[in-house]
Amino acid sequence: MSSATDESLRAQVQAVVPRLVLERARSGPTARAGSGRLRRAPADRGGDFDVDASLDALAEAAGQGRHPRLEELTATSWQRPGTALCLLLDRSGSMEGTRLAVAAMAAAACALRAGQAGGELAVVAFDRRAETVVGLGAGASPHAVVERVLGLRGHGMTSLDAALRAAATQLAGARARRRVTVLLSDCRVTDDVDPVPVARALDELLVLAPASDADEARAFARASGARLAEVLSLGDLPGALDLLLRP
């Protein structure tokens, strides 16, 4: 319906559907795409004064008969590291109905979770070639990300190698420590290029596959060292993503 010829109907669908998808994508458990940790830094950068870590500086300043400078002291602060996500959407073959809804839900879930973790998001659609839907660091809102995914149309063959290389390129410029590729596909390759070598070179690879057609995804995950979740229904997707994103 998002491509209906009736302009009024199309406008209504395009206005309502992204909001519905985002609401459903929030239904999973609170996501933490990265775990927090205490960070020590000079006290002039803020944080809580760390007496134990500052003892040497305090003793040295006292021995010199002066007050210690703030930058000589140490403070700690709780830091939650950002996570960079690159979502790869398999659009080979038909891209409508349930498949399009699942792709939009995956995009919404990734966008929301990247935002919660203070991270970055890229979205790439692929068939035999990879096309950037949202570039890393583009700053697109979750609503805009969903709108762009809902505009995708499916065609062509399937090249996982092209998709994974595109993810590596996107994530190479990430500021975050944790760099995660999320592949939404049945992993049925139709070209002659083995995707396993480039898959193994990625920092982290997570695969979301349809439970009804996951045999090749399981084999690919075993060969590449990826973590796999099988999705039974649209509503399962946010929770499956949360499970995979646990450190």
Side-chain angles (χ1 to χ4, degrees), residues 31 33-34 81-93 95 99 102-103 105-107 109-111 113-114 117 119-137 145 149 152 154-231 236-238 240-247:
T83 297
L85 298 176
C86 181
L87 174 63
L88 301 177
L89 298 174
D90 185 347
R91 70 167 182 185
S92 58
M95 191 67 171
R99 281 196 65 193
V102 169
M105 177 70 80
C110 285
R113 282 143 182 77
E120 306 159 275
L121 174 68
V123 180
V124 174
F126 69 95
D127 39 57
R128 67 188 179 90
R129 293 190 181 92
E131 174 192 347
T132 300
V133 179
V134 177
L136 196 77
V145 171
V149 171
L152 293 174
H155 52 76
M157 301 171 67
T158 307
S159 175
L160 289 186
D161 179 77
L164 297 169
R165 289 184 185 280
T169 299
Q170 288 288 333
L171 294 173
R175 298 187 303 273
R177 287 189 197 88
R178 189 180 180 194
R179 302 177 181 191
V180 182
T181 301
V182 180
L183 172 62
L184 182 67
S185 176
D186 58 17
C187 301
R188 184 170 291 110
V189 176
T190 57
D191 65 1
D192 296 327
V193 184
D194 181 4
V196 171
V198 66
R200 286 178 174 166
L202 295 171
D203 287 5
E204 285 187 66
L205 176 58
L206 315 178
V207 179
L208 291 166
S212 59
D213 186 15
D215 288 348
E216 294 189 49
R218 292 187 203 111
F220 172 70
R222 285 194 300 269
S224 63
R227 299 203 300 281
L228 171 72
E230 298 177 25
V231 179
D236 292 336
L237 199 150
L241 181 63
D242 288 334
L243 184 64
L244 287 178
L245 282 172
R246 288 177 185 171

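Throughout, numbering of the chain's residues begins at 1 and tracks the sequence.
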Asks: Quick one: pull up CG in Leu88 and CG in Leu184 and give me the separation to the nearest 0.5 Å.
Replies: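 Leu88 CG to Leu184 CG: 9.5 Å, rounded to 0.5 Å.
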Asks: So, applying salt bridge (Lys or Arg N to Asp or Glu O under 4.0 Å) with Glu204, which one of Arg246, Arg177, Arg179, Arg227 is it?
Replies: Arg227
Asks: Can you name the nearest heavy-atom pair linking Pro238 to Met105, along with the distance?
Replies: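 Shortest heavy-atom contact: CG-SD, 4.1 Å.
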Asks: Do Leu85 and Leu245 pass the side chain to side chain contact (heavy atoms under 4.5 Å, CB included) test, and can you show the C-alpha distance, the side-chain angles, and the key distance before you say yes or no?
Replies: CA-CA 10 Å; Leu85 298 176; Leu245 282 172; 3.8 Å; yes
Asks: For the side chain to side chain contact (heavy atoms under 4.5 Å, CB included) test, which of Leu205, Leu164, Val193 pairs with Val198?
Replies: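 It is Leu164, the one option of Leu205, Leu164, Val193 that forms the side chain to side chain contact (heavy atoms under 4.5 Å, CB included) with Val198.
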Asks: Between Asp215 and Arg218, is a side chain to side chain contact (heavy atoms under 4.5 Å, CB included) present by the stated rule, with each step listed?
Replies: CA-CA 5 Å; Asp215 288 348; Arg218 292 187 203 111; 2.6 Å; yes
Asks: Would you confirm whether Thr132, through its side chain, and Gly135, through its main-chain N or O, come within 3.5 Å as a donor-acceptor pair?
Replies: no
Asks: Nearest heavy-atom pair of Arg91 and Leu152: which atoms, and what distance?
Replies: NH1-CD2, 3.7 Å
Asks: Which atoms form the tightest heavy-atom contact between Ala221 and Leu228, and what is the distance?
Replies: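 In this case the closest contact between Ala221 and Leu228 is CB-CB, 4.0 Å.
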Asks: Supply the atom-to-atom distance Cys86 SG to Leu171 CG, rounded to the nearest 0.5 angstrom.
Replies: 5.0 Å
Asks: Specify the closest pair of heavy atoms between Pro195 and Asp161, including all atoms of both residues, with the distance to one decimal.
Replies: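 The pair with the smallest heavy-atom distance is CB-N, 3.7 Å.
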Asks: Do the non-hydrogen side-chain atoms of Leu183 and Leu160 ever get within less than 4.5 Å of each other?
Replies: yes
Asks: May I ask you to test the Val133-Leu89 pair for a side-chain heavy-atom distance under 4.5 Å?
Replies: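 No - every pair of side-chain heavy atoms lies 4.5 Å or more apart.
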Asks: Flag the pair Cys110 / Val123 as yes when at least one side-chain heavy-atom distance between them is below 4.5 Å, and no otherwise.
Replies: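 Contact flag for Cys110/Val123 side chains = no.
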Asks: Whether the side chain of Arg200 engages the backbone of Ala223 through a donor-acceptor N/O pair (distance < 3.5 Å, no angle test) should be reported.
Replies: yes
Asks: Considering non-hydrogen atoms only, spot the tightest contact between Val207 and Cys187 and give its length.
Replies: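 Nearest heavy atoms, Val207 then Cys187: CG1-SG, 3.9 Å.
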Asks: Any idea which heavy atoms bring Ala176 and Ala84 closest together, and the distance?
Replies: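 Smallest interatomic distance, heavy atoms only, reads CB-N, 3.5 Å.
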Asks: Can you check whether Leu136's main-chain N or O pairs, donor with acceptor, with Gln170's side chain at less than 3.5 Å?
Replies: yes
Asks: Does the side chain of Ser185 reach to within under 4.5 Å of the side chain of Phe126, using non-hydrogen atoms?
Replies: yes
Asks: Can you find a heavy atom in the side chain of Ser92 that is under 4.5 Å from one in the side chain of Arg128?
Replies: no
Asks: With rounding to the nearest 0.5 Å, note down the distance linking CG in Leu121 to CZ in Arg113.
Replies: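 So the gap between those two atoms works out to 12.0 Å.
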Asks: Is any side-chain heavy atom of Val182 closer than 4.5 Å to a side-chain heavy atom of Leu241?
Replies: yes
Asks: Under 4.5 Å between any side-chain heavy atoms of Leu244 and Val180, yes or no?
Replies: no
Asks: I need the Leu237 CG to Asp242 CG distance, nearest 0.5 Å.
Replies: 10.0 Å
Asks: Check this for me, if you would: do Arg188 and Asp90 make a salt bridge, where the nitrogen-to-carboxylate-oxygen distance has to be below 4.0 angstrom?
Replies: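 No, Arg188 and Asp90 are not salt-bridged.
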Asks: Tell me if a side-chain donor or acceptor on Thr190 pairs with a main-chain N or O of Thr158 at a distance below 3.5 Å.
Replies: yes
Asks: Once rounded to the nearest 0.5 Å, what's the spacing between atom CE of Met157 and atom CG of Asp192?
Replies: 7.5 Å
